[in-house]
Amino acid sequence: MTDTAALRAQRGLLFAVDETATHDGPGLRMSVYLKGCPLRCVWCHSPESIAPKPEVAWYEALCRKCGACATACPEKLAPWFEQMPEHRARCRQCGGCIEACPGDALELKGYETTAGEVADAAERLRPFFARSGGGITLTGGEPTLQPDFAVAIAALCRGRGVHVAVETCGCTGWERLDRLADATDLFLYDLKDADPARHRRNTGAELAPITDNLRRLITRGADVIVRVPLIPGCHDSPADVAAIATLARDCGARRLTLLPFNPAASGKYSWLRRPYPLPEARPQSAEALRRLEGIVADAGLEVVSP
Ligand code: SF4
Ligand code: SF4
């Protein structure tokens, strides 16, 4: 098998592809969402990305409450409109309930594909990428949780002249980022807080390994834009943003994007029958965002629009 054939054959798990993304790097992007994430952010806006396996999503508005899903379930789970999050551990993703549902209220989130298929889809969009300065973005979830798959997609796309961006939370082994950097044009690197204790509490992960990886990536010569999700009442005060910008700068970053809070995630929690953790949170106003961007600029960083 040639190297290219081996790369094409790499298999991995996605939960979505968006061929018209505009906020995941420069120009028009094909955003490829890899399933599985090592963090447990309390504000997660993609809860369907977390589990490294397929999951059934339930759409309340389409559910007729007929109970056909329960009748079809080999695990004898309750109908989806009554299911609790703890039932999920017993679901074996057999798809029986999806087949049985008369209302299209159920869908399997997560499917296997090959790096070759992803790269072929990106190649078809090359004229649009060329016109807009865009390309492919590997995001998730956390792309480095599927290192061989992510490297294969990036290498195949790079080989065809497609610009490759990778969005990472940085909570991964250095050798995985190092490998991926060989085939990546731009990293969108999440930095979620500058306070180590609060970072641990809100994401379940230590901050230090993430900033170590950021430093190493920049020292290695990678092009990096740091991205900071602004969570209302959590770390979106002027003092918090100043501390995050200073930390990013001290790691060697020169560009930073502030991401205003996105309340659209609440519906996804309903798909997975989980309570939404931030029902009161609202996006920052345009004026507040401008002020916070001024603080980032004062720290000596270039502000990049989301
Ligand atoms: S996917 Fe299978 S095991 Fe899971 S709830 Fe549906 S029928 Fe039951
Ligand atoms: S089979 Fe479909 S429509 Fe009927 S209760 Fe289950 S999810 Fe709802």
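We count ligands from 1, going down the list as the structure has it; atoms in each ligand are counted the same way. Positions are given from 1 along the sequence.
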Ligand-side contact atoms (ligand 1) for residue partner Leu77, heavy atom cut-off under 4.0 Å:
5 (S)

Answer yes or no for Cys94: is there an N/O/S atom below the 2.8 Å cut-off from atom 4 (Fe) of ligand 1?
no

Among non-hydrogen protein atoms, atom 8 (Fe) of ligand 1 lies closest to Cys73 SG, 2.4 Å

Could you check atom 2 (Fe) of ligand 2 against the protein and tell me its nearest heavy-atom contact, residue, atom and distance included?
Cys101 SG, 2.4 Å

Any N/O/S atom, side chain or main chain, of Cys63 closer to atom 6 (Fe) of ligand 2 than 2.8 Å?
no

Got the closest protein heavy atom to atom 1 (S) of ligand 2, with its distance?
Cys69 N, 3.3 Å

Identity and separation of the nearest protein heavy atom to atom 4 (Fe) of ligand 1:
Cys91 SG, 2.4 Å

Taking the six-membered ring of Phe128 as reference, does the cationic atom of Arg131 (NZ for Lys, CZ for Arg) lie under 6.0 Å from its centre and within 45° of its axis?
yes

Which ligand 1 atoms are under 4.0 Å away from a heavy-atom of Trp80?
5 (S)

Output the list of atoms in ligand 1 that are nearer than 4.0 Å to some heavy atom of Gly95, sorted by atom number.
1 (S), 2 (Fe)

Could you check atom 6 (Fe) of ligand 1 against the protein and tell me its nearest heavy-atom contact, residue, atom and distance included?
Cys97 SG, 2.3 Å

If you scan protein heavy atoms around atom 3 (S) of ligand 1, the nearest is Arg92 N, 3.5 Å

Asp104, Thr71, Leu106: member with heavy atom nearest to atom 7 (S) of ligand 2:
Leu106

Just jot down the ligand 1 atoms closer than 4.0 angstrom to any heavy atom of Pro74, in number order.
7 (S)

Would you mind listing which atoms of ligand 2 come within a distance below 4.0 Å of any non-hydrogen atom of Lys65?
5 (S), 8 (Fe)

Aromatic ring pairing Trp43/His235, orientation class (parallel under 30°, perpendicular over 60°, tilted between):
perpendicular

